[in-house]
Protein chains: 2
Amino acid sequence: MATIKDVAKLAGVALSTASYALSGDSKVSPKTRAKVLEAARSLNYRKNGIAMDLKRSRTNTIALILTDLSGPYYSELIRSIQDVALAHGHDLIACSSMGERDSTAIKFLREKRVDGAVVLAHNIADDILLESAGERFPIIVMDRELTGDHLVNVLVDGEQGGYRATQYLIEAGHRSIAYISGPLNSYDNQQRYKGFQRAMHESGLSEKPKWRLSGGFVREGGYSATKMMIMQGELPTAVFYGNDEMAVGGMKAFEDHGISIPDEVSVIGFDDIELAGYANPPLTTVRQPKSEAGSLAGHLLFQMLDGESVDEQFKLGIELVERKSVRKREH
Amino acid sequence: MATIKDVAKLAGVALSTASYALSGDSKVSPKTRAKVLEAARSLNYRKNGIAMDLKRSRTNTIALILTDLSGPYYSELIRSIQDVALAHGHDLIACSSMGERDSTAIKFLREKRVDGAVVLAHNIADDILLESAGERFPIIVMDRELTGDHLVNVLVDGEQGGYRATQYLIEAGHRSIAYISGPLNSYDNQQRYKGFQRAMHESGLSEKPKWRLSGGFVREGGYSATKMMIMQGELPTAVFYGNDEMAVGGMKAFEDHGISIPDEVSVIGFDDIELAGYANPPLTTVRQPKSEAGSLAGHLLFQMLDGESVDEQFKLGIELVERKSVRKREH
DNA sequence: GTGAAAGCGCTAACAG
DNA sequence: CTGTTAGCGCTTTCAC
């Protein structure tokens, strides 16, 4: 691989002159520049980005840390972050946090291979984030409540979302409502559940312990949790699934048992994934402002990179998407 | 940010000793090592990955080049590549090729910020790929027919897929079949269409020019192409959509016009996206061996990185997924 | 305008 | 076992 040294030699100029010519600095004469460019072309010279980053102590790229590159992701969220990065002339790369303590994500965070990061990966420990963030390395955390030096928090108000969803069910006349939980240690799940509890409590309703099932936020889990509920004999009139994936699985379970939605059981989800509108019946759910959240995260990161100081936490509201999986009941 | 120099100074040892201690080299005494580690801890020292990469002239990471980080992607494919990378102790990062000639992807390719790449982005020009690939920088291209030095090709046989799909329709008794095309310049589309033509030709069938519509591989395009077909008055008994997205859009158009699938019109897609199984009716389609393709791509990349020579092109077969959108017809 | 030289932070001979 | 030293490839003062 040809280096700038080779180019300089072939062009018969000094190393620095070659560098200036290549980067288009105006102080090099057109004639010299042409000579250098020609030499570069003939050697098929490509600058080494790593050397440049090292010298500049800046990579001009930020990382998006995801649990798993293979998704499924909030593409709107990613797109909005990407747009902001591009607008600031920075590159965005995605890395996965799969693989525990030596995941790609952790390597990029600790070894400062980028200028900053947006984290969307619950499996990276708080302390790693806290110690990685620094003066020259801002981090935005989006999937949990965590703030610190050079580490700011952009959240969607899951508690409010859980509350709204539950309230919607209650307003539709439902009194016996089950919440199918995601992973118990998931921040998102906890928030949604908290909102559920608050709404139930305010209306003087209580949840049946036997309906406290968990589906791990995955479709299969929603399916089996629902199956278990069905086998237990007594059904609620409505079930609030901690996310849409589980709701889709749950609806399948009801269908398999000939239980009709929303006639016999109403269902509400959370997230508004693409599938939600295509489910049968289309799933009523809670939509998160993903683009706004991503955009905000991006902008904050660049403000921090520019040395501006920003608030340490932002919480965005949600919105209910009414479709056809909830039925109004008379009493 | 503390450097290894600071650590060495604080620990009262030479630079190299600190380096050895930090990397766990056995030749440093336990006592010295402890001293160094302690110094590193107290300074909150983190090695600079960029400096290391430069020194080593190797990054131990490979890039996955995608058109757009916000997907939608073949998550199975990505996952399988990821698994292979992990198994080889390498990191995988994803970069987007959005932004033309100065996209993140091109920067990573040209400036050799990684050790190799898997490309799944039709918007990166052939010549960039050709000139970026090199002795120490293998590239696997998966979305077009392109081979070259240190550049190998992993493809799924779209022609065969198009042939199978069409043949399936013909075997089910269909004689008037339309092909709704993706972008005319798309390699995938061309292959599928070629397969369609071959099957039609073999059975002595011909396509009606007025059914030659394009939907650009997007849902909305499938919708409007279908609408146009409906407005033209005469309907085929079966339509083969160049991909599932368009098929989903097309089914919506038929539904909007009260045309029942598969009773009045049969529909077949291509890809087997997640939605396909959830469409109404569930969509019969052609499934690509995504995991196998990804896995193969990953393995080939590492073989090349290890200096082994490999064939320059691989073409994988496809499989038909029978669901409920195609009806058998009697004659 | 152009060139010589000093590093960015790290690793890896090599010598002691 | 520990320390000295020479770079990896590039940018950027600072003289000329």
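Below, chain A is the first sequence line, B the second, and so on; all start at residue 1.
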| message | Walk me through whether B:Gln82 and A:Met98 qualify under side-chain contact (heavy atoms from CB on, under 4.5 Å). | response | CA-CA 9 Å; B:Gln82 196 173 222; A:Met98 271 180 42; 3.7 Å; yes
| field | Separation of B:His150 NE2 from B:Leu129 CG (nearest 0.5 Å) | value | 14.0 Å
Report the distance from atom [atom1] of [X] to atom [atom2] of [N], rounded to the nearest whole Å.
X       : N      : atom1 : atom2 : result
A:Leu15 : D:dT13 : CG    : P     : 15 Å
B:Lys47 : C:dA12 : NZ    : C1'   : 14 Å
A:Lys35 : C:dG1  : NZ    : P     : 15 Å
B:Ile50 : D:dG9  : CD1   : P     : 16 Å
A:Lys55 : D:dT13 : NZ    : C1'   : 9 Å
B:Asp25 : D:dC1  : CG    : P     : 10 Å
B:Leu22 : C:dG9  : CG    : C1'   : 12 Å
B:Lys9  : D:dG3  : NZ    : C1'   : 16 Å

| request: Starting from the 5' end of DNA chain C, give me the residue, B:Ala51 or A:Ser16, whose nearest nucleotide shows up first. | output: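 Its nearest nucleotide being more 5', the pick is A:Ser16.
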| task | Report the residue (B:Ala14 or A:Ile4) whose heavy-atom-nearest nucleotide on DNA chain D is the more 5′ of the two. | result |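 Between the two, 5'-proximity favours B:Ala14.
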| request: Return the 5'-most residue of the pair A:Asn48, B:Ser26 with respect to DNA chain D, ranking by each residue's nearest nucleotide. | output: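 First, find each residue's nearest nucleotide; the 5'-ward one identifies B:Ser26.
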| Using a cut-off of 4.0 Å on non-hydrogen atoms, how would the nucleic acid contact of B:Ser29 be classed: base, sugar-phosphate, or nothing? |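 It contacts sugar-phosphate atoms only.
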| query | Looking for any heavy atom pair under 4.0 Å, which part of the strands does A:Thr32 touch: base, sugar-phosphate only, or nothing? | reply |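 Counting heavy atoms under 4.0 Å across all strands, the contact made by A:Thr32 is with sugar-phosphate only.
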| request: Mind telling me whether B:Phe302 and B:His90 have parallel, tilted or perpendicular rings, with 30° and 60° as the class edges? | output: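 Perpendicular, since the angle between the ring planes exceeds 60°.
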| Do the side-chain N or O atoms of A:Arg56 get closer than 4.0 angstrom to the phosphate oxygens (OP1, OP2) of D:dT12? |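 Checking A:Arg56 against D:dT12: at least one side-chain N or O falls below 4.0 Å of OP1 or OP2.
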| task | Considering just the side-chain nitrogens and oxygens of A:Ser19, establish if one lies under 4.0 Å of OP1 or OP2 belonging to D:dT11. | result | yes
| query | Between B:Glu76 and B:Arg79, does at least one N-O distance fall below 4.0 Å, as a salt bridge requires? | reply |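 No, no charged N to carboxylate O under 4.0 Å.
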| said: Any non-hydrogen side-chain atom of B:Ile93 less than 4.5 Å from a side-chain atom of A:Thr104? | reply: yes
| query | Which listed nucleotide (D:dA6, D:dC14, D:dT11) is nearest to the side chain of A:Tyr20? | reply | D:dC14
